[in-house]
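Written out below as structure tokens is the structure these notes cover.
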Amino acid sequence: MRILRLELEGFGPYLDRQEIDFTAFETEGLFAITGRTGAGKSTILDAICFALYDKVPRYEKAEPVLRSHFCGEDDPTSVTLDYELGTQQYRVWRSPAYERAKKRGTGTTTKGAEAKLYVRRDADWEILAAMPREVGEHVGATVPLTGDQFLQVILLAQGRFAEFLKADTSERRTVLRSLFGTRRFEDLEQHLREIAKTKQAAVDAADAQLAGLVERAAALIGLDVPAVAERDAFWDDASAETTRTLTLATAARGEAAEVAEETAAALNEAREVERARERLARAQATMTELEAHAYEQSAREARVAAARRAVPVLGPMRESERASRAEADATEALARAREVAAADAVAGLAWPVGDLADAGEADLRTRESELAGEIGALSSALAAERSLSSLEVAHTRATEAVAAATEAAEETRAALAALPERERELREAAEASGAAAARIDDLASAVERAEAAVEAHGLVERLSGAIDRARAAEAGAAEKHAAAATAHANLVQRRLRSQAAHLATELEDGAPCPVCGATDHPSPAQPSDDHVTDESVDAAYEALQTADRVLAGARDARAEADRDLAGAREKAGDSDAEAAAAALEDARTAHAAAQEAAAERDRLARELEALAARENALTQQLDAQTGAVAAAQEAVTRAATELASARELAAHRPEGYATVAAYADALASAKALLARLVAATGAADDAAMARAKATTALDEALASSGLEGLDAAREAGLEPAELTRLETLAEAYRNDLAAARAVVAELSDRDLPPEPADLEALTSAAVEDAGARDAAIEAATAAASRARDLDALARQYTGLGESTASARAERDVVATLADALEGKAPNERRLRLESFVLASKLERIVAAANTRLRTMSSGQYQLEHDDSAQYRGKETGLALRIADAHTGQARSTRSLSGGETFLASLSLALGLAETVTAEAGGIELSTLFIDEGFGSLDGDTLEVAMSTLNDLRDSGRTVGLISHVEAMHDAIPARLEVTKAADGSSRVEVRVGEVD
């Protein structure tokens with residue numbers, strides 16, 4: 001893989017677009033990335049990683065801040081990277097999410113992340129993907145390195161070198177797993193452990209079920225729960241006991257049922273005889289009593305027969321009497337109506353010709369219809385007469401509305417005529433304010449820069465003393481760390497030399513020796529003056545860990561102080577504090593004036609908008625008022641026409657009536673008078689006809705009844721309720737007498753015992769025998785149920801026991817395999833499966849690293865892969881030690897000095913890169929970046945490191961180094977210089993073949 005070109009804009013400290021052509025360094029092969037602290041050297045590496053993987057190494061544990069602080073709201077932020085894989089060139093463009101100005105209105109909105117991927121086809125770039133997710137998928141498919149692998153083999157970022165060198169087995173396994181994709185082995189371990197847990201749970205559940213079955217069986221038959229070894233005999237004894245109990249209970253149930261059946265039959269027979277004796281006595285008594293009242297029954301039936309003959313006559317007789325009364329009332333009412341009509345004031349209008357008393361019903365109805373027609377003909381005149389007052393008011397109001405609408409329209413025209421002059425005045429003032437406010441954004445930025453410069457001057461003064469204290473603290477921590485590492489290494493070596501004495505302290509008489517197995521210990525080794533305990537080694541290791549953390553903290557504090565001071569100096573610029581304060585005051589004054597002009601410009605703009613709105617409103621108002629004048633004039637004309645028409649219609653009425661309404665009321669009264677006479681005449685005629693019809697019906701009913709006359713019918717008649725009561729009594733007498741005679745006839749011939757039976761004694765005996773039978777049935781049922789339940793429990797126990805044996809065997813096999821893969825017994829080396837696989841990778845990495853470390857350390861050092869057992873059962877398999885040819889011993893990598901740590905870390909990183917490259921399919925890595933502390937090396941060691949880097953260059957790679965070491969700058973003519981512009985943002989410049 002080869003990095004060709006990088007373009008940044010609005011990214012980190014780079015505001016303006018910067019282009020870096022890395023192919024310019026291919027001839028030299030080795031180039032330095034130089035610049036002041038905080039200028040943005042590491043940002044170049046961040047941009048490469050962001051373009052490919054949408055992540056930045058330094059922000060792995062924090063929220064990324066990618067957009068430049070120098071960007072305005074409308075400035076873009078993007079990174080473009082060209083790279084080559086084999087013979088194919090690709091271009092990836094990315095832009096992170098950030099806040100930008102809204103295209104409409106004020107304020108900001110969040111712009112989403114964007115990305116595009118292109119491939120070069122001849123001279124053109126052809127797009128492959130246009131969405132961030134699609135770009136990530138394409139890069140993952142074409143670039144044979146993951147993001148973590150890329151950071152280990154191409155982009156060696158700050159702080160990542162020594163992590164892998166000083167890590168313990170678990171931490172190193174995490175790094176190697178991400179590089180070589182061996183998580184599947186850990187997943188296999190977890191999967192087997194889950195299977196083992198499942199198998200164990202199945203066995204535990206089966207054991208619990210077996211115990212539960214035995215407990216249920218013991219409770220069922222009332223025995224004690226047996227021990228596990230006695231369970232088979234328990235099931236045989238329990239089966240025999242339930243069988244014997246069931247046989248006895250079944251025999252007792254049969255005997256009790258037979259006795260209870262005989263006793264119940266005797267009781268039922270006695271009860272039947274006594275019920276027959278009681279029925280016969282009751283029937284004889286009833287028959288005697290009813291026969292004594294035979295005369296009363298005969299009279300009752302005669303009275304009912306006479307009343308039934310009178311029923312058809314009584315109804316017509318009552319109807320005839322009612323019709324005679326109605327006829328008399330109707331005749332009287334007709335006479336009174338004629339008298340009232342003759343005296344009424346409208347009698348002449350109602351009946352203008354002849355005597356009203358002689359008029360028949362038909363003539364009256366004809367005259368009534370004529371009056372109704374005359375009333376209908378007056379409807380138009382009546383309506384016109386009623387509307388006269390409202391029409392007069394409407395005509396007056398319409399005349400007034402014409403005058404008001406005309407006046408309002410004239411006022412609106414005058415207001416419109418005055419608007420153009422006011423608009424001209426406002427526009428002139430707005431143009432003047434706008435010109436003054438145009439520079440407000442530039443002046444605000446100037447205020448911010450001036451404030452930052454003033455603040456930076458104060459910060460430089462405060463930080464100048466802090467940097468010296470941080471450097472002194474770092475030097476002291478480094479000395480303590482080296483001493484702690486040496487002490488820990490010495491204790492470990494002494495502990496190994498005194499291991500025999502340590503084992504001897506744990507020997508016991510009669511117990512086998514863990515080394516030779518003997519139970520006799522005649523001459524155990526004794527601790528020497530050089531003896532070291534595990535506690536001493538652990539204490540030294542803890543002290544080393546503490547010193548390591550203190551040193552890391554001191555280095556971070558010193559680096560942070562360096563960055564803070566450099567950043568403060570860059571922000572402060574070249575001027576002094578007094579000039580910065582004066583510039584800030586001037587900038588604030590100019591900005592305040594621009595703000596006042598902007599406020600006035602906005603106010604005038606709002607007034608212009610209001611003026612335009614008023615002009616539009618007045619125009620619409622004038623249009624509406626003009627229409628209102630025309631409408632009012634039409635209303636005047638319409639009201640005058642309607643008023644004249646109504647007056648003409650209201651004048652048509654007979655003489656003698658003041659108004660049409662008075663004439664209409666007189667006609668209505670005359671019509672009502674005739675209606676009353678029509679109703680009275682008709683009622684009298686109807687009543688006469690009804691009386692004649694009722695008289696005829698009465699004569700016919702009396703003739704067919706057989707009664708002598710109306711008086712006889714009245715005497716024989718009864719009220720319906722009384723007739724019904726007498727009929728019911730007669731029917732009941734007949735039915736009761738017939739029923740009593742039937743019972744006497746049925747039971748007179750039956751042979752009944754002379755003495756009553758003792759039902760109480762028979763009932764008591766039947767109840768007692770039935771209870772005994774029920775108890776025997778219940779006992780037999782319970783015994784059968786217990787036998788069935790015990791048999792079912794026994795079958796479940798047998799089946800479950802057979803399946804448990806196979807489950808136990810499977811559990812043992814899986815649990816043993818899971819323990820072995822996790823580095824537990826029987827795995828004597830305590831080496832996990834994944835660590836075993838990664839150990840082979842680590843051996844290859846160490847071999848590749850040592851080819852360079854031996855050269856850079858002049859043969860003194862080489863790395864060793866350590867898979868021996870660790871203290872206190874710690875995880876093994878991926879440990880590293882450093883072998884020192886001067887002492888002939890291997891020690892902890894943490895005991896190396898700062899320069900030695902850098903050389904070992906660089907060698908290990910390069911070995912790791914070569915191994916990962918081979919694992920990724922043998923891809924060619926033509927570009928390498930190193931961002932690490934060359935400043936910890938002395939002059940001779942620096943030359944050795946430079947020689948190693950030259951070897952990398954000679955092998956065809958282009959190597960970029962970020963360093964502040966002046967000796968390296970002098971030795972490397974090719975440079976990528978990062979400088980600060982006047983506004984504080986950064987610039988890059990490629991310089992090849994130049995030596996200062």
Side-chain angles (χ1 to χ4, degrees), residues 3 5-22 24-25 28 30-51 56-59 65-71 79 81 155-159 452-453 456 459-460 463 467 558-574 927-937 942 945-946 949 958-996:
I3 305 299
R5 173 183 167 274
L6 177 67
E7 183 180 296
L8 307 89
E9 184 175 11
F11 188 86
Y14 300 98
L15 172 59
D16 298 330
R17 184 169 64 230
Q18 305 295 312
E19 182 178 350
I20 304 172
D21 183 6
F22 291 105
F25 301 115
E28 295 289 341
L30 185 64
F31 67 97
I33 303 176
T34 65
R36 295 171 61 182
T37 301
K41 300 183 295 298
S42 297
T43 303
I44 296 174
L45 308 189
D46 293 343
I48 294 174
C49 195
F50 170 70
V56 176
R58 75 170 80 183
Y59 295 122
V65 182
L66 305 181
R67 181 166 168 81
S68 175
H69 293 299
F70 296 101
C71 286
V79 173
L81 178 69
L155 199 160
L156 306 181
Q158 284 186 10
L459 186 59
V460 166
L463 293 176
I467 188 66
R558 191 267 305 160
E560 183 177 359
D562 281 337
R563 288 193 297 271
D564 291 345
L565 181 58
R569 284 173 175 169
E570 290 174 6
K571 291 181 180 178
D574 299 331
T927 308
L928 176 67
F929 295 95
I930 301 177
D931 184 3
E932 191 57 38
F934 290 90
S936 61
L937 306 181
L942 180 60
M946 288 296 298
L949 296 176
T958 300
V959 182
L961 306 177
I962 296 179
S963 176
H964 296 88
V965 179
E966 292 298 331
M968 294 186 67
H969 296 177
D970 297 338
I972 303 175
R975 301 179 195 175
L976 183 63
E977 292 188 348
V978 181
T979 59
K980 287 285 188 177
D983 61 356
S985 64
S986 296
R987 304 285 189 273
V988 294
E989 181 180 357
V990 175
R991 299 181 62 183
V992 180
E994 301 178 15
V995 179
D996 294 340

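Starting from 1, each residue takes its place in the sequence as its number.
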So which heavy atom on [X] is nearest to which on [Y], and how close?
X      : Y      : answer
Val992 : Ala24  : CG2-O, 3.7 Å
Leu81  : Ala51  : CB-CB, 3.7 Å
Glu19  : Val988 : O-CG2, 4.4 Å
Gly10  : Cys71  : CA-SG, 3.5 Å
Ala39  : Val978 : O-CG1, 3.6 Å

Would you confirm whether [X], through its side chain, and [Y], through its main-chain N or O, come within 3.5 Å as a donor-acceptor pair?
X     : Y      : value
Lys41 : Gly35  : yes
Ser68 : Gly12  : yes
Glu28 : Ala974 : no

Working to the nearest 0.5 angstrom, can you tell me the gap between [X] [atom1] and [Y] [atom2]?
X      : Y      : atom1 : atom2 : value
Ile972 : Thr34  : CD1   : OG1   : 10.0 Å
Arg991 : Leu976 : CZ    : CG    : 11.5 Å
Leu45  : Ile962 : CG    : CD1   : 4.0 Å
Ile3   : Ile20  : CD1   : CD1   : 11.5 Å
Arg17  : Glu7   : CZ    : CD    : 5.0 Å

Could I get the full list of ring pair (Phe, Tyr, Trp, His ring centres under 6.0 Å) partners for Phe25, not counting sequence neighbours? Phe31
Going by ring pair (Phe, Tyr, Trp, His ring centres under 6.0 Å), name the residues that satisfy it together with Tyr14, two or more places apart in sequence or in a different chain. none
Working note: Phe50 + Leu66, criterion side chain to side chain contact (heavy atoms under 4.5 Å, CB included); need CA distance, chi angles, decisive distance, verdict. CA-CA 9 Å; Phe50 170 70; Leu66 305 181; 3.6 Å; yes
Is there side-chain contact between Ser986 and Lys980, with at least one heavy-atom pair below 4.5 Å? yes
State, with a plain yes or no, whether a side-chain heavy atom of Ile44 is found less than 4.5 Å away from one of Leu6. yes
Would you please name every residue forming a salt bridge (Lys or Arg N to Asp or Glu O under 4.0 Å) with Glu989, sequence neighbours left out? none
